[in-house]
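These notes concern the structure reproduced below.
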Amino acid sequence: MDRQFPVGCRRAGCCLSNNDSWNYHNRGYHYSTEVTAMLRKPARLFGRDAEWEELADFAGAPANGATLGLVYGRRRQGKTLMLELLAQETGGLLFAATQQTEAQNLADLGAAYAAYRGLRQPVSFGNWREGLDELLRLGEERATPVIVDEFPYLVAATPALPSYLQQALSPTGYAKERTRTRLILCGSALTTMAQLLGGGAPLRGRAVLDLIVRPFGFRDAAAFWGLTGDPELAFRVHALVGGTPAYLEMCGGAGPADLDGFDRWVQRRLLNPASAMFREGGLLLREEPSISDPTSYAATLSAISAGNQRRSEIAAALGRPVSALAHLLNGLRSIGLVEQVDDALRDKRSVFRIAEPIVRLHQLITQRREPELVSGQAARVWRSNADTVASKIYGPHFEDLAREWCFLHASSDTLGGMASAVRPSEIPCRAHRGGHELDIVVTETNSFAADRIIAIGEAKATLTPMDVPQLQRLDHLRALLPDARIGTQPKLLLFARSGFTGDLVEAARGRADVELVDLNRMYSGD
């Protein structure tokens, strides 16, 4: 993505020319000598209200002494844009590192520092200790954000850099006693960033901000793509590409105009070898430096995408013992491509799900049918995989969105309480001599009492409306819930992508314990 920088910047590392008090006439900004405690979020930044509030609070904190913050998340989530805007709004410096040697990065830092200070010649830093000391001195007169983007690149070239930073932020050092620099380290290499504050790491306990930037939730994603008015279309797009902001631009800057044009859009933007999105699902794994054996991890993603969610199922699909899965699953979890979801009712029992929809599309279709796609057969491939899309993509994704809706959007009246956790489960049933899968179990945590189940639910993404037997099934499953886990009678939640039959609507009418939730309600109601 092209980056836009103010006039006068010499390179992407420098975000602003520097004065303690400045006017940036081109954008109409005026900056005084003090950072305000709460900065106005620029109109250009869509969503990210909570993230911006955290950054503004960190940047404008009145406390004396330099402070350290971390901002990280998978690539293409808009971290750099958000931090560039923060630097613009506050008169801070943003330096973007690149994959190069230590000497080259120091030279670039010197050029960015000189441009920021308004110096005519680049500054030559002999080593990182000198460079860090000068960066931290930028906050001598006022609270000043100093942002180092792609920090993992610097660590790769200079492994001792976190230790140098630890020394520079010594409690009795100059930066802590004489400056108000707000140092932000940003990166997309999740493992590297997480390790900065872990265990016995040098920076352990030094950071006051630890901000993870995640993809948009399904409602924000719909608004970002301009699809709020068509929940079915918004659902389909989100099921395939998720909530990563950069994917809109990578898809040509627009989603499908309507349902009639959806298939053509998929073929043109997602299954077209000439599109930036074509290999994205595979690149997410290979661009993470902590993944040393992409083939094994990709095979694990393929197994989970195909519907193998439990450890035993994944192991069987890979032809490996269960004991050999730990490092693969942990690695995929650490980089945000897989989530482990605990069973709501049974301890030490969990399932694994794909956390990034574009990875699932890549594993199920793009990778498997690449020769045909490369030869221009996208329409045939998409048409022939309709059943796979319905069962392996739309079905699981609709269940995920139903759980997200319960946790983030449903009211306490709808759920019969406040959701503390929303997870799936499996309930044993003697009458049917087996177990029943339960898509949604909503639990509420109360002080000095065990968690109680306040609602259970079923989610169906089929193209036929949900009918009365689904309500009868939930009635049966509610009767199987352990008495110790329920207080008042849990509510029954029915989620249907294609709505409900007249008989089901009539059966639910007048029942205060039943809630019918269609796509319209998921995208706009509570």
Review point. Can any side-chain N or O of Lys79 pair as donor or acceptor with the backbone N or O of Val71 at less than 3.5 Å?
Key: no
Point to revise | Donor-acceptor pair between Thr98 and Gln100 side chains, under 3.5 angstrom | key: yes
Check your understanding: Residues in side chain to side chain donor-acceptor pair (under 3.5 Å) with Ser275, at least two apart?
Key -> none
Practice item. Using atom types as modelled and distance alone, determine if a side-chain donor or acceptor of Trp52 lies under 3.5 Å from a backbone N or O of Met82. Key: no
Check your understanding: Is the number of heavy atoms from other residues, nucleotides or ligands within 6.0 Å of CG (Asp387) greater than 12?
Key -> no
Point to revise | side chain to side chain donor-acceptor pair (under 3.5 Å) involving Thr191 - partner list, sequence neighbours excluded | key: Ser290
Side chains of residues 436-443: which donor-acceptor partners sit under 3.5 Å, not counting sequence neighbours?
residue, atom, partner, partner atom, Å
His436, NE2, His432, ND1, 3.3
Asp439, OD2, Ala459, N, 2.9
Thr443, OG1, Ala421, O, 3.4

Which donor-acceptor pairs under 3.5 Å do the side chains of residues 321-331 make with protein atoms, sequence neighbours left out?
residue, atom, partner, partner atom, Å
His327, ND1, Ala324, O, 3.4
Asn330, ND2, Ala326, O, 3.2

Check your understanding: Quick one: salt bridge (charged side-chain N to carboxylate O under 4.0 Å, His left out) partners of Lys41, sequence neighbours excluded?
Key -> Asp49
Review point. Quick one: do the Ser350 and Arg423 side chains pair a donor with an acceptor below 3.5 Å?
Key: no
Review point. How would you list, by chain and number, every residue that makes a ring pair (Phe, Tyr, Trp, His ring centres under 6.0 Å) with Phe216, sequence neighbours excluded?
Key: Phe46, Phe224
Review point. So does Arg214 have more than 12 non-hydrogen atoms from other groups sitting under 6.0 Å from CZ?
Key: no
Point to revise | Whether Arg204 side chain and Gly198 backbone form a donor-acceptor pair below 3.5 Å | key: no
Review point. Does any donor atom in the side chain of Glu515 or Thr414 lie under 3.5 Å from an acceptor atom in the other side chain?
Key: no
Review point. If you look at every heavy atom in Pro42 and Glu89, which pair is closest and at what distance?
Key: CG-OE2, 3.6 Å
Exercise for review: Just jot down the side-chain contact (heavy atoms from CB on, under 4.5 Å) partners of Asn308, sequence neighbours excluded, or say none.
Suggested key: Ala303, Ala306, Glu313, Ile314, Ala317
Exercise for review: Could you tell me whether Arg236 sits above the aromatic face of Phe262, with NZ or CZ closer than 6.0 angstrom to the six-membered ring centre and within 45 degrees of the axis?
Suggested key: yes
Check your understanding: Under 3.5 Å, side chain of Ser384 to main-chain N/O of Val381, donor-acceptor pair present?
Key -> yes
Result block: side-chain N/O donor-acceptor pairs under 3.5 angstrom for residues 352-365, not counting sequence neighbours:
residue, atom, partner, partner atom, Å
Arg353, NE, Asp400, OD1, 3.1
Arg353, NE, Asp400, OD2, 3.1
Arg353, NH1, Glu339, OE1, 2.5
Arg353, NH2, Asp400, OD2, 2.8
Glu356, OE1, Arg74, NH2, 2.2
Glu356, OE2, Ile358, N, 3.3
Arg360, NH2, Ala239, O, 3.4
Arg360, NH2, His397, ND1, 3.1
Gln363, OE1, Gln367, NE2, 3.3

Point to revise | Aromatic ring pairing Phe495/Phe398, orientation class (parallel under 30°, perpendicular over 60°, tilted between) | key: perpendicular
Practice item. For the pair Thr462 (side chain) and Thr464 (backbone), establish whether a donor and an acceptor sit closer than 3.5 Å, ignoring hydrogens and angles. Key: yes
Exercise for review: Could I get the full list of side chain to side chain donor-acceptor pair (under 3.5 Å) partners for Glu458, not counting sequence neighbours?
Suggested key: Lys460, Arg473
Exercise for review: Write down the atom of Leu493, the atom of Cys406, and the distance for their closest heavy-atom approach.
Suggested key: CD1-SG, 3.8 Å
Check your understanding: For Leu183 and Phe58, which heavy atoms make the closest approach, and how far apart are they?
Key -> O-CZ, 3.7 Å
Point to revise | Donor-acceptor contact present, side-chain Ser524 to main-chain Asn520, <3.5 Å | key: yes
Check your understanding: What residues form a side-chain contact (heavy atoms from CB on, under 4.5 Å) with Asp467, not counting sequence neighbours?
Key -> Pro469, Thr501, Asp503
Practice item. Identify the heavy atoms of Trp265 and Cys251 that sit nearest to each other, and give their distance. Key: CZ2-SG, 3.8 Å
Revision key, fill the gap. By ring pair (Phe, Tyr, Trp, His ring centres under 6.0 Å), Tyr523 pairs with (sequence neighbours left out) Phe218
Revision key, fill the gap. The salt bridge (charged side-chain N to carboxylate O under 4.0 Å, His left out) partners of Arg310 (sequence neighbours excluded) come to Glu426
